[in-house]
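To start, the structure itself, in structure tokens.
Chain letters run A, B, ... following the sequence lines, proteins first and then strands; every chain starts at 1. Any value given below was found using the heavy atoms of this structure, including those in side chains, with hydrogens, waters and symmetry copies removed.
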Amino acid sequence: MLDLRSLRQNPQAAKALLKIKGYDFDTLRFEELETQRKSLQSLTEELRNERNVKSKSIGKAKAAGEDIAPLVAEVGDLGERLDAVESKFHRLQEEYQAFAQSVPNLPDASVPAGSDEADNVEVDRWGALPEFNFEPKDHVDLGAGGMLDFEAATKITGSRFVVMHGAVARLHRALIQFMLDTHTSKHDYEEVYVPYIVNADSLYGTGQLPKFAEDQFRIDSDADFYLAPTAEVPVTNIYRDEILEAGRLPIKHVCHTPCFRSEAGSYGRDTRGMIRQHQFEKVELVQLVEPGRSWDALEELTDHAREILRALELPFRTVVLCGGDLGFSAAKTYDLEVWLPGQNQYREISSCSNFLDFQARRMQARYRSPETGKPELLHTLNGSALAVGRTLVAIMENYQDGDGRVHVPDVLKPYMAGLDVLDLG
RNA sequence: GGAGGGGUGGCUGAGUGGCCGAAAGCACUGGUCUUGAAAACCAGCGAGGGGCGACCCUCCGAGAGUUCGAAUCUCUCCCCCUCCGCCA
């Protein structure tokens, strides 16, 4: 959520920035809501003040042994008037809240203009593209011998799931271990284990609700529970409604979780293979930092994600998302895109974002500022490092040898119990 | 699942209808003292919102109700603890 106070001061500036994101901010509607809020709020507070003052005087009269009947009569229909104004005010507040919550975060000034991913701007490239003396297969063909079984998954559940067997399942697990170990030992993140089922407040805090309810898997139970779409939700919400001491910052967590996405509205896209699944594993980096530090933190966090790709020797590039491709809560996002020989293109494997205080305001994640002694909103960031399923795909496609085998990257060998070549059968 | 006990400021904890946004202690901040520190003493110290301001409003797990007036009484829900049952 944006800061309403600064929004009030300059709605036109916000409108101009939001246009970069392809969002039409209705300043007239906002100003109308604001005007109504102002008058209803002051009227409500005036009446409440009157009631408080008079009630207090009744108390005093009673304590002094005086007759309170005339005072009680004087309060008269005050309660009814207050109720009427209050309910009007509450209705307006709900409307106002819904409006304010639906406004996306402002993009940073460095975010390029553009409408979709075609307008994203490449900022760097790493690694030479592999050259094959054969026609490289994609991961679906490579796994067709039985290691990747999409039909079995369809039977068990439905489309967009996978069953992995043997060495491929092990390589998938090795990737998780390697990523967690790298971030904890080299990049100074604390590992956390969290619930995979979250409540509505948590999804609201990070911005998935109320606007993106259809993307979530909702659990049919008495409680309002959802399958976590990313570790960002449970991990960031550890600090919801907390006031942290400044000495605890920055908070840096790494967390491995499965992620569940309904993928509503992507029916025709990436239907082949493991690229877009309802369930996939991800290792996520989450940081909560002092407001002045978040831009540096975004660069660092993005490089922590790059480090995994460099260690795995997978060619990749970094793009900065244009306004139209930027997410609802993010002020700026870098995507890392790995080279997939089977598709002959770069595909997203990580997304690293700075949310500034947008999420922190929704979830009231604060720290005590040493300068003022007052609680102030933190800045939140997160990034995938990396999406495990897509990393597995990238390794299979980049490390294939043309003879139905996949070589294990050097850094993963310690995790593979001596296995350094996968025979896909 | 059954029985009982609880949820109060950063933390501990008192408060059963008005003088309570809330005692006391801890923590924290400033001061006195000290070569310095500790101790002691003095003072300050919850959060959110509105208003140019004087000030005002809201918040004692959440929501609804009773009342002129609710942290306090009633109802519903959520969460925590103890015991029993069941269980990885």
Nearest-angstrom distance from the residue atom CG of A:D83 to P of B:U67: 11 Å
Expressed as a whole number of angstroms, how long is the span from A:D241:CG to B:G46:C1'? 15 Å
Look at the aromatic rings of A:H187 and A:H183 and report parallel, tilted or perpendicular, splitting at 30° and 60°. tilted
Short N/O separations, protein against nucleotides 61-66 of chain B, under 3.5 angstrom:
none

Under 4.0 angstrom between A:R5 side-chain N/O and B:G50 OP1 or OP2: yes
At less than 4.0 Å, is any side-chain N or O atom of A:K56 found next to OP1 or OP2 of B:C68? Yes or no. no
Mind checking the P distance from B:A37 to B:G31? Whole angstroms is fine. 11 Å
Under-4.0 Å side-chain N/O to phosphate OP1/OP2 contact, A:N52 with B:G69: no
Using whole Å, report how far CG of A:D3 lies from P of B:G49. 8 Å
How far does the C1' atom of B:G9 sit from the matching atom of B:A22, given to the nearest Å? 9 Å
Side-chain contact check for A:R366: nearest option of B:C56, B:G48, B:C68 is B:G48
Within the structure shown, what part of the strands sits under 4.0 Å from A:R8 by heavy-atom distance: base, sugar-phosphate, or nothing? sugar-phosphate
Quick one: A:Q9 CD to B:C52 P, roughly how many Å, whole number? 11 Å
Under 4.0 angstrom between A:K38 side-chain N/O and B:G51 OP1 or OP2: yes
Is the shortest side-chain heavy-atom distance between A:H278 and A:F260 below 4.5 Å? no
Using the C1' atom on both, measure B:C59 against B:A71 and round to a whole Å. 11 Å
Comparing A:F225 and A:Q41 on RNA chain B - which has the more 5′ nearest nucleotide: A:Q41
Find the distance A:E45:CD to B:G51:P and express it as a whole number of Å. 10 Å
Using atom C1' of each nucleotide, how far apart are B:U74 and B:A3 to the nearest Å? 23 Å
Can you check side-chain hydrogen bond (donor to acceptor under 3.5 Å, both in side chains) on A:Q359 and A:E232, steps first, answer last? CA-CA 11 Å; A:Q359 292 182 327; A:E232 162 191 354; 2.8 Å; yes
B:A27 versus B:C20 - spacing of their C1' atoms, nearest Å: 23 Å
Between A:R368 and B:A47, is there a side-chain N or O to OP1/OP2 distance below 4.0 Å? yes
Are A:R173 and A:Y415 side-chain neighbours, meaning at least one heavy-atom pair lies under 4.5 Å? no
Ignoring backbone atoms, test whether A:N49 places a side-chain nitrogen or oxygen under 4.0 Å from the OP1 or OP2 oxygen of B:C57. yes
Full working for side-chain hydrogen bond (donor to acceptor under 3.5 Å, both in side chains) between A:K211 and A:S102: CA-CA 7 Å; A:K211 217 173 181 179; A:S102 71; 5.1 Å; no
Whole-angstrom distance between B:A70 and B:U58, as gauged at atom C1': 15 Å
Rounded P spacing from B:A40 to B:C75 in Å: 48 Å
Rounded to whole Å, how long is the line connecting atom CD of A:Q93 with atom P of B:C59? 12 Å
Pairwise C1' distance for B:G13 and B:C87, with rounding to whole Å: 37 Å
Considering heavy-atom distances to RNA chain B, does A:R48 or A:S42 have its closest nucleotide positioned more toward the 5' end? A:S42
Would A:D26 and A:K15 satisfy salt bridge (charged side-chain N to carboxylate O under 4.0 Å, His left out), going step by step from the backbone distance to the final call? CA-CA 8 Å; A:D26 190 344; A:K15 188 183 175 74; over 6 Å; no
Provide, to the nearest angstrom, the distance between the CD atom belonging to A:E245 and the C1' atom belonging to B:C26. 14 Å
Within the side chain of A:D138, is there an N or O that forms a donor-acceptor pair under 3.5 Å with the backbone of A:D141? yes
Nearest-nucleotide pick for A:K62, side chain only, options being B:G48, B:G18, B:G50: B:G18
Between A:S115 and A:D119, do the side chains contain an N or O donor and an N or O acceptor separated by less than 3.5 Å? yes
What's A:K60 touching, base or sugar-phosphate or nothing? Going by heavy atoms closer than 4.0 Å. nothing
Could you label the plane-to-plane angle of the A:Y239 and A:H253 rings as parallel, tilted or perpendicular, counting under 30° as parallel and over 60° as perpendicular? parallel
Its dot-bracket string being built from Watson-Crick and G-U pairs below 3.5 Å, with | for another strand and [ ] for crossing, RNA chain B has the pattern ((((((((.[[[..)..(.....]]].(((((.......))))).(((((....))))).[[[[[..)....]]]]])))))))....
Would A:F25 and A:F30 satisfy ring pair (Phe, Tyr, Trp, His ring centres under 6.0 Å), going step by step from the backbone distance to the final call? CA-CA 8 Å; A:F25 179 56; A:F30 174 68; 5.7 Å; yes
Determine, step by step, whether A:E281 and A:H172 satisfy the side-chain hydrogen bond (donor to acceptor under 3.5 Å, both in side chains) criterion, reporting the C-alpha distance in whole Å, the side-chain angles of both residues, the deciding distance to 0.1 Å, and the verdict. CA-CA 9 Å; A:E281 305 298 300; A:H172 183 256; 5.7 Å; no
Measure from NZ or CZ of A:R248 to the centre of the six-membered ring of A:Y367 and say whether it is under 6.0 Å with the direction within 45° of the ring axis. no
Rounding to a whole Å, what distance do you find between A:E242:CD and B:C11:C1'? 12 Å
